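Being a predicted model, the structure only gives us computed values, none of them experimental. Reminder, nothing fancy here: chain letters follow the sequence lines and each chain counts from 1.
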Protein chains: 2
Amino acid sequence: MPALKITAVRKAMKDEAKRAGAGKPVGRAQTKAQGGVKRSRIQTRNRKLILDAALEVFSAHGFRGSTLDQIATEAGLSKPNIIYYFDGKEEIHVTLLNQLMETWLDPLEQLKPAGEPLDEILAYVRRKLDMAQAYPRESRLFANEILQGAPRMAPHLEARLKPLVDEKAALIQSWIDAGRIAPVEPRHLIFSIWATTQHYADFEAQVNVLMPEGGIFPGAAAYLEMMFRRMLTV
Amino acid sequence: MPALKITAVRKAMKDEAKRAGAGKPVGRAQTKAQGGVKRSRIQTRNRKLILDAALEVFSAHGFRGSTLDQIATEAGLSKPNIIYYFDGKEEIHVTLLNQLMETWLDPLEQLKPAGEPLDEILAYVRRKLDMAQAYPRESRLFANEILQGAPRMAPHLEARLKPLVDEKAALIQSWIDAGRIAPVEPRHLIFSIWATTQHYADFEAQVNVLMPEGGIFPGAAAYLEMMFRRMLTV
DNA sequence: TCGTCAATTTACCAAATGGTAAAAAACGCG
DNA sequence: CGCGTTTTTTACCATTTGGTAAATTGACGA
């Protein structure tokens, strides 16, 4: 029973320290990206090494399926050294997710009112598919998180994704109202773009079984362009 | 070091026993669905309880994110009692996956040469969407497994899914050759049907953030029917 | 109703895992 | 170069977790 108590106390102290913003005497490296967090060359390099390794591991096995040892090995660092740079497994994951969200939003942000509506949307499909091809690990990391109910991402979804989707859905609706594309529910349209493009990254294992010949992306691009073109042409 | 050795020996003995097909003296319940495995009323009931609980837990947290204790609690049984019915966590998971595969294949199996091609395909979309709505846990269990690279399912994918997809892709191609639907790559068509329908189950957490109003499925059904109708109409 | 086999519980264990403490090593600046 | 600071390593620890052994209870047919 004493062991339990000691742990509880230690944990409480740690939480306290966190709340007070008082870092450990050694290793102020883990203070997150708040104000100006001047990072040394070594810190920059190693944080990147760790995040790269974590992306590899988390995207392949999910959060709970990944271990610090795996990440450490992949990064070529020792486990305690990883804890020196990040407060723990969870913080690495959250950092990755936060970074990812911006990258993920980017293609949709580029959907602009200027230009021909159909071309704009098809270009968006294209960007999304390119993204799935270029960053399959990021796509799977994201998919994993959402599949588990977005436990560490719900706030971000609400704060960053929702406003953007609201904005772009309104834009698409305005195109519809102007009779420039066929009438469809904008949000379902967006969902179908996400689903079809990300499928090639997230379900790669299945796709590879069913279409063994390498290079599915050219065919996918042609198929999706045709699909959305036909659907949206007035 | 001796501890390690003992474990190794114990493990080896267990593997041996498995290979030889010699079950434990007590509990022949875990012999899998081979020949006639007459199961008592209690066995039938408890295996079902366990599989139901495991579906709930595995679909929510993934394989590695789930614990036997969670499954036991959910099933209302004790952990050792669970091990009495299944050889271990892995066997529960595999059993679930195998069962699931049949259910999952069913809607595609119903795609038949008779009838109007467009109606056949739209009915397939409908069945898939109904399935996502009625069995979201199954959909997520499957998605989880594929996301992780299908480690426990690759053989099944190859043996059951691939032949079926080959067959139905050929059927769709024959419809195209006969000029009865618009020409599209049959496999990409199938992928897009899977992706768009399962999206509503697998990414439910995200969908719920972006479309707070309950009952997205009616809208999804209308949208998807329109989408595939427009794409496939000659 | 009684004995036997099936089912369940109790009490464990070893390994894996996230994390820590403290000493050693490397860095870099005056 | 010398010395304080940062970074890394070594040696641990507590908890969690999958799984087991053995004793106990329960079901059910002769």
Side-chain angles (χ1 to χ4, degrees), chain A residues 1-11 13-15 17-18 23-31 38-47 49-50 54 57 61 63-73 75-93, chain B residues 1-11 13-15 17-18 23-31 38-47 49-50 54 57 61 63-73 75-93:
Chain A
M1 198 50 72
L4 221 108
K5 209 172 175 183
I6 286 167
T7 298
V9 167
R10 197 195 287 163
K11 201 183 175 94
M13 280 168 60
K14 201 185 162 191
D15 290 340
K18 265 189 193 162
K24 294 189 233 167
V26 188
R28 55 179 70 102
Q30 52 269 72
T31 34
K38 294 162 193 168
R39 280 204 258 271
S40 77
R41 226 176 316 114
I42 293 177
Q43 276 172 40
T44 310
R45 169 172 56 82
N46 283 356
R47 281 181 63 98
L49 274 177
I50 293 168
V57 175
H61 307 105
F63 180 72
R64 297 234 14 215
S66 305
T67 70
L68 282 177
D69 279 311
Q70 284 176 286
I71 297 173
T73 302
L77 299 172
S78 70
K79 186 167 64 173
N81 204 7
I82 294 220
I83 296 299
Y84 175 74
Y85 287 102
F86 290 89
D87 250 3
K89 189 182 169 183
E90 179 116 12
E91 201 203 290
I92 302 178
H93 195 240
Chain B
M1 204 44 75
L4 220 107
K5 208 172 175 183
I6 286 167
T7 298
V9 168
R10 199 195 287 163
K11 203 185 175 90
M13 280 167 60
K14 200 186 162 192
D15 290 340
K18 265 188 193 163
K24 295 189 231 168
V26 188
R28 57 179 68 105
Q30 52 270 73
T31 35
K38 295 162 192 168
R39 281 203 257 270
S40 78
R41 227 177 313 116
I42 295 177
Q43 275 172 40
T44 309
R45 169 172 55 83
N46 284 357
R47 282 181 63 98
L49 274 177
I50 293 168
V57 175
H61 309 104
F63 180 73
R64 298 239 6 220
S66 306
T67 70
L68 281 178
D69 278 311
Q70 286 175 284
I71 296 173
T73 301
L77 299 173
S78 70
K79 186 167 64 171
N81 203 7
I82 294 217
I83 296 298
Y84 175 74
Y85 288 102
F86 289 89
D87 249 4
K89 190 181 169 183
E90 179 115 11
E91 201 203 291
I92 302 178
H93 195 239

Give A:T67 one of three labels, base, sugar-phosphate or nothing, depending on what nucleic acid heavy atoms sit under 4.0 Å from its own.
sugar-phosphate
Specify the separation, in whole Å, of atom CD1 of A:I50 and atom P of C:dG19.
13 Å
Please round to the nearest 0.5 Å and tell me the distance separating atom NE2 of B:H61 and atom CZ of A:R64.
8.0 Å
Contact between B:V57 and B:T73 at the side-chain level, heavy atoms closer than 4.5 Å - yes or no?
no
Determine: side-chain N/O of A:N46 to OP1/OP2 of D:dT8, distance under 4.0 Å, yes or no.
yes
Length of the line joining A:I83:CD1 and D:dT9:C1', which is rounded to integer Å:
15 Å
Between the CG atom in B:L68 and the CD1 atom in B:I83, the distance rounded to the nearest 0.5 Å is 5.0 Å
Rounded interatomic separation in angstrom, taking CZ from A:F86 and P from C:dT20
15 Å
Let's test your reading of the model: under 3.5 Å, does the base of C:dG19 pair with the side chain of A:K89 as donor and acceptor?
no
How far does CD of A:E91 sit from NZ of A:K89, to the nearest 0.5 angstrom?
14.5 Å
B:L68 CG to D:dG18 P: how many Å, rounded?
5 Å
Interatomic distance where CD1 belongs to A:I82 and C1' belongs to D:dT7 [whole Å]:
14 Å
The answer to which of B:F63 and A:N81 contacts DNA chain D further toward the 5' end, by nearest nucleotide, is A:N81
Counting any heavy atom closer than 4.0 Å, what does A:R64 reach on the DNA or RNA strands: base, sugar-phosphate only, or nothing?
sugar-phosphate
Interatomic distance where NE2 belongs to B:H61 and C1' belongs to D:dT16 [whole Å]
15 Å
Atom pair distance, as rounded to whole Å: CG in B:L77 and P in C:dT8
7 Å
Across all chains, not counting sequence neighbours, the ring-ring contact (aromatic ring centres under 6.0 Å, His included) partners of A:H93 are A:F58, A:F63
Determine: side-chain N/O of B:S78 to OP1/OP2 of C:dT8, distance under 4.0 Å, yes or no.
no
Check the phosphate of C:dA7 against B:Q43, side-chain N and O only, distance under 4.0 Å to OP1 or OP2. Yes or no?
yes
Passing candidate, side-chain contact (heavy atoms from CB on, under 4.5 Å) with A:I82, options A:N46, A:L49, A:D69, A:I50:
A:I50
If the cut-off is 4.0 Å, is A:Y84 near the phosphate of D:dT8, judged by side-chain N/O to OP1 or OP2?
no
Closest non-hydrogen atoms of B:R47 and B:Y85, given as atom of the first, atom of the second and distance, are NH1-O, 3.6 Å
Rounded to whole Å, please give me the gap between NZ in B:K79 and C1' in C:dC12.
10 Å
Please write out each protein N/O paired with an N/O of nucleotides 28-30 of chain C under 3.5 Å, distance rounded to 0.1 Å.
none

